[in-house]
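Structure first, then comments.
The chain is numbered in sequence order, starting from 1. These figures come from a predicted structure and were not determined experimentally. Basis for what follows: all heavy atoms, side chains included, without hydrogens, waters or symmetry-related copies.
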Amino acid sequence: MPPLMGIEFLCRVADVLSDYLEGLNEDVIKDNFVIVYELLDEMIDNGFPLTTEPNILREMIAPPNIVSKMLSVVTGNSSNVSDTLPGATASCVPWRTTDIKYANNEVYVDLVEEMDAIINRDGVLVKCEIYGEVQVNSHITGVPELTLSFANPSIMDDVRFHPCVRFRPWESHHILSFVPPDGLFKLMSYRVKKLKSTPIYVKPQITSDAGTCRINVMVGIRNDPGKMVDSITVQFQLPSCVLSADVTANHGAVTVFTNKMCNWSIDRIPKDRAPALSGTLMLETGLERLHVFPTFRVGFRIQGVALSGLQLDKLDLRVVPSRLYKGFRALTRSGLYEVRS
């Protein structure tokens with residue numbers, strides 16, 4: 001078996017379970033183990049992946065809700081499996097439900113990107129790359145054929161497609177040609193590597209002497225992306241040798257948890273001053289200086305811009321239905337964004 005097939009199937013199982021159960025952890029699986037078994041029974045057959053599309057699985061197995069749980073307790077029947085087989089399972093496009101009709105036809109494309117970056121203690125950018133997804137929300141009558149093109153597809157690496165994408169048009173012209181599933185789905189994922197800059201900077205400064213440690217952290221905009229940067233947070237784990245911490249900030253809220261995790265919630269950077277955090281850390285008795293320095297995890301979100309520079313060119317339908325609405329949005333948020341001290 002190709003190793004990537006197993007990895008891809010496990011990722012698809014995790015996506016489906018998260019979609020069905022609105023989250024994925026041990027407690028959720030225990031509470032819905034019947035649904036999980038039923039889904040696995042449909043998703044894999046005799047060791048081979050079978051039905052992995054969420055919209056088709058929803059026709060076969062109803063998602064859990066309060067009413068179904070109450071009925072299962074009263075009647076003793078905990079099965080959510082439908083008696084009829086979806087028509088799409090026997091069609092040439094098994095990811096799309098048959099005989100779909102809408103009064104208003106809509107298709108929306110979202111570029112969702114996460115920035116991973118590592119900045120060393122000298123402020124030098126060691127690594128910066130983008131992991132992105134093209135998410136499509138389609139509500140179109142019949143069996144539409146869509147084509148999506150990019151203005152600069154050459155910047156993308158490690159592309160990964162939904163099964164609905166025809167590979168030959170992409171290989172020859174870098175055009176996505178596909179018959180979409182109904183509803184929201186991930187059309188493709190990609191990486192953009194070796195980016196040269198980040199939207200915000202975090203400058204930590206830590207000094208220690210005579211059993212006390214002084215910490216100062218400044219945050220600001222490095223390169224203005226043209227849109228508002230919000231939901232900014234800075235997290236760092238205090239070393240185990242720190243007995244107590246007295247930390248304050250001139251903007252936002254600072255919280256030090258019992259596990260010595262410090263969380264600084266900034267949200268938006270004000271125009272009149274740069275947010276700054278400062279404080280004093282008391283070290284263990286007998287320890288003069290701090291020898292283990294924290295790593296700062298940075299979070300942010302930027303609506304309306306893709307920091308990778310990827311641009312959509314156009315979205316076309318082969319047969320355009322009446323009352324067709326098309327839309328595009330972009331979002332960039334932080335992934336694994338670390339600043340070392």
Close side-chain approach of [X] and [Y], heavy atoms under 4.5 Å:
| X | Y | result |
| --- | --- | --- |
| V134 | V109 | yes |
| V112 | R333 | yes |
| R340 | I118 | yes |
| V16 | M43 | yes |
| I232 | I269 | yes |
| T212 | D209 | no |
| W264 | V298 | no |
| V254 | N263 | no |

Determine whether a donor-acceptor pair (N or O, by modelled atom type, separation under 3.5 Å) exists between the side chain of [X] and the backbone of [Y].
| X | Y | value |
| --- | --- | --- |
| D19 | D15 | no |
| D267 | S231 | yes |
| E133 | Y190 | no |
| D116 | L336 | yes |
| N25 | V28 | yes |
| Y20 | R58 | yes |
| N250 | A276 | yes |
| K260 | V242 | yes |
| R222 | V202 | no |
| E113 | S308 | yes |

Any chance the side chains of [X] and [Y] put a donor and an acceptor closer than 3.5 Å?
| X | Y | result |
| --- | --- | --- |
| R121 | S341 | no |
| T295 | E338 | no |
| D246 | T280 | no |

Inset, instruction - Assess whether side-chain hydrogen bond (donor to acceptor under 3.5 Å, both in side chains) is satisfied between R289 and S208, documenting all intermediate values. - result: CA-CA 5 Å; R289 294 179 178 275; S208 57; 4.7 Å; no
So, for [X] and [Y], which heavy atoms are closest and what is the spacing to 0.1 Å?
| X | Y | value |
| --- | --- | --- |
| G183 | N137 | C-OD1, 3.4 Å |
| G309 | N152 | O-ND2, 2.9 Å |
| T198 | C128 | CG2-SG, 4.0 Å |
| V256 | L238 | CG1-CD1, 4.2 Å |
| I206 | P294 | CD1-CD, 3.6 Å |
| V339 | P204 | CG1-CD, 3.9 Å |

Legend entry - Test side chain to side chain contact (heavy atoms under 4.5 Å, CB included) applied to I266 and V234, V229, D230, I200, the passing residue: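 The residue from V234, V229, D230, I200 that satisfies side chain to side chain contact (heavy atoms under 4.5 Å, CB included) with I266 turns out to be V234.
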Inset, instruction - Identify the residue among I100, V107, N105, D182 that makes a side chain to side chain contact (heavy atoms under 4.5 Å, CB included) with H139. - result: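 Among I100, V107, N105, D182, the one that satisfies the side chain to side chain contact (heavy atoms under 4.5 Å, CB included) with H139 is D182.
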Around [X], counting heavy atoms of other residues, nucleotides and ligands shown, do more than 12 lie under 6.0 Å from its [atom1]?
| X | atom1 | answer |
| --- | --- | --- |
| Y102 | OH | yes |
| K326 | NZ | yes |
| R168 | CZ | no |
| K203 | NZ | no |
| Q205 | CD | no |
| H174 | NE2 | yes |

Inset, instruction - May I ask you to check whether F300 and Y337 place their ring centers less than 6.0 Å from one another? - result: yes
Inset, instruction - Taking the six-membered ring for Trp and the full ring for Phe, Tyr or His, determine whether the centres of F178 and H162 are under 6.0 Å apart. - result: no
Legend entry - Geometric cation-pi criterion R166 and F161, 6.0 Å radius, 45° cone: no
Inset, instruction - Taking the six-membered ring of Y108 (Phe, Tyr or Trp), confirm whether the NZ or CZ of R329 is under 6.0 Å from its centre and within 45° of its axis. - result: no
Inset, instruction - Tell me whether L324 is reachable from L148 by hopping between hydrophobic residues (I, L, V, M, F, W, Y) whose side-chain heavy atoms are closer than 4.5 Å. - result: yes
Legend entry - Shared hydrophobic cluster, F236 / L243 (ILVMFWY, side-chain heavy atoms < 4.5 Å): no
Legend entry - Y325 and N104: CA distance, side-chain angles, deciding distance, side-chain contact (heavy atoms from CB on, under 4.5 Å) verdict: CA-CA 8 Å; Y325 301 97; N104 294 322; 4.2 Å; yes
Inset, instruction - Assess whether side-chain contact (heavy atoms from CB on, under 4.5 Å) is satisfied between M115 and L195, documenting all intermediate values. - result: CA-CA 10 Å; M115 174 174 278; L195 297 177; 4.2 Å; yes
Inset, instruction - Could you check L310 against V192 for side-chain contact (heavy atoms from CB on, under 4.5 Å), going step by step and ending with a plain yes or no? - result: CA-CA 9 Å; L310 184 66; V192 178; 5.6 Å; no
